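No hydrogens, no waters, no symmetry mates; every other heavy atom, side chains included, goes into these values. All values derive from a computational prediction rather than experimental measurement.
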There are 2 protein chains.
Amino acid sequence: MRVLKFAILGLLEQDKMTGYDIAAAFKGALGQFWSAKHSQIYPELKKLVVEELIAFETVIQGEKLEKKLYSLTAKGTAELMDWIQRVEAVNVSNKDEFMLKTYFIAAMDKQEAQQLFSNQLNSRQRKLEKLEQILTELEAEQKAPIHFSSPEFGHYLVLTRAIEREKGYIQWLERSLALME
Amino acid sequence: MRVLKFAILGLLEQDKMTGYDIAAAFKGALGQFWSAKHSQIYPELKKLVVEELIAFETVIQGEKLEKKLYSLTAKGTAELMDWIQRVEAVNVSNKDEFMLKTYFIAAMDKQEAQQLFSNQLNSRQRKLEKLEQILTELEAEQKAPIHFSSPEFGHYLVLTRAIEREKGYIQWLERSLALME
DNA sequence: GTCTGCATGTAACTCGTTACATGATTAG
DNA sequence: CTAATCATGTAACGAGTTACATGCAGAC
């Protein structure tokens, strides 16, 4: 149901942006829970202009590089606000190829399984370190403790969720490895 | 990269099945991490037959209901085993519409945000209860404690992961709500 | 001057969902 | 008998990825 549409509207509500900026936003903490490639973003932006949910002004960078700065229209803001308070069903299947393999663990021998789990554990630990570093930097930039009205509250919540998701995964991997002995 | 293909091969490695059975398997614990609708399963089964990774025998149920019992070929088993020990990159973006909204929390007023979070907390708690019930039933069926060679080990691991995922989500929701006061 | 990053687009393809369509079996 | 479940398929559409394609700006 066109979630990318709302992702774009939400980003533009924060600030005027180009398509490139939107793609860049998906490379940060937000990208842990939603992302899209530029090849999906640009056509969607065109569609949203036709639907009059966003508008753009052309800006010249340097000598002649044209970039399109998009912003929300009143209609776009209204649709964003409608979506944001809508209660959607909890999505069941969060696809995870590693867990699919885990379900078929009976087809592995013990060594193979341990190798696979150790490997996954390692990757997850490295990912966790990166996320924790980003959180440290975010917290360092704040003067007061983060609260509801901080401009970075959304970013903070998403980051802490990503970090705890990894921690939970890591704990489960460790306990599963212990069970395999 | 055709993950559904391997999901089907993995299920058929456990037992001969119909397309309907495969769809049913996705409604259980496995469905927490991978699933597909029957409209995707049936065409994929046909494709896998053409590729000679699976084969089927037609079985008559009752008077005249024909069903197709699929099973792995040697080639299919080989491809499954190759995939299962392959190390894939940790997937970055596990899409979650609620977390997308969370990222845009600055566009909500406090009451709206609290409402949304309470609601999500409730849904997650009900989901957790259901998963824990399934685990209780699974454990009741076991004579000995579950270990690597138990036929239900894969099922058990996936269930415990799903349960802890929900617990982690719930804790984060509670702590986030506390932060909003 | 050359490499990295900024900036925008399209085409082809694969994956996944919703809807359309049909019919048999089984348990109450 | 009738409702839920078993069983199989197709069509249309929407979402998402990979690859193709181009060019400017800024830093070193």
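The CD1 atom of B:I8 sits 12 Å away from the P atom of C:dC15 (whole-angstrom rounding). If you measure from atom NZ of A:K64 to atom C1' of C:dC6, you get 16 Å, rounded to the nearest angstrom. If you measure from atom CG of A:D21 to atom C1' of C:dA7, you get 10 Å, rounded to the nearest angstrom. In this structure, CG of B:L45 is placed 15 Å from P of C:dC15, rounded to the nearest angstrom. Straight-line distance from the CE atom of A:M1 to the P atom of D:dG16: 11 Å, rounded to whole Å. With rounding to whole Å, A:Y42 atom OH is found 16 Å from D:dT17 atom C1'. The interatomic distance linking A:R2 (CZ) with C:dT18 (C1') rounds to 17 Å, in whole Å. Rounding to whole angstrom units, CG of residue B:N94 and C1' of D:dG16 are separated by 15 Å.
For A:L65, counting side-chain heavy atoms from C-beta on, the closest listed nucleotide (D:dA7, C:dT8, C:dC6) is C:dC6. You'll find that the side chain of A:K46 is closest to C:dG9, out of D:dG16, C:dG9, D:dT8. Picking from C:dG23, D:dA15, C:dT8 the nucleotide with the shortest atom distance to the side chain of A:H38 gives C:dT8. The side chain of A:K95 sits closest to C:dG16 out of D:dT17, C:dG16, C:dG5. Side-chain proximity of B:K37 to the nucleotides D:dA7, C:dT17, C:dA7 is greatest for C:dT17. Residue B:Q61 has its side chain nearest to D:dA7 when only D:dA7, C:dG9, D:dG23 are considered. For B:S39, the listed nucleotide lying nearest its side chain is D:dA11; candidates were C:dA7, D:dT8, D:dA11.
In summary, the side chains of A:W83 and A:E88 do not present any donor paired with an acceptor at a separation below 3.5 Å, with no hydrogens or angles considered. Between the side chains of B:W34 and A:S93, not a single donor N or O lies within less than 3.5 Å of an accepting N or O.
Classification of the A:Y103-B:H155 ring pair by plane angle, with boundaries at 30° and 60°, yields perpendicular. Using cut-offs of 30° and 60° for the angle between ring planes, the B:F153 and B:Y156 rings count as parallel.
Applying the 4.0 Å criterion to OP1 and OP2 of C:dT8, one finds that A:T18 has a side-chain N or O inside that range. Taking side-chain N and O atoms only, A:Q40 has no distance below 4.0 Å to OP1 or OP2 of D:dA15.
A residue-by-residue look at A:A36 and B:E66 shows that B:E66 has its nearest nucleotide of DNA chain D further toward the 5' end.
With B:E166 as the fixed residue, the salt bridge (charged side-chain N to carboxylate O under 4.0 Å, His left out) test singles out one of B:K130, B:R124, B:R126, B:R161: B:R124.
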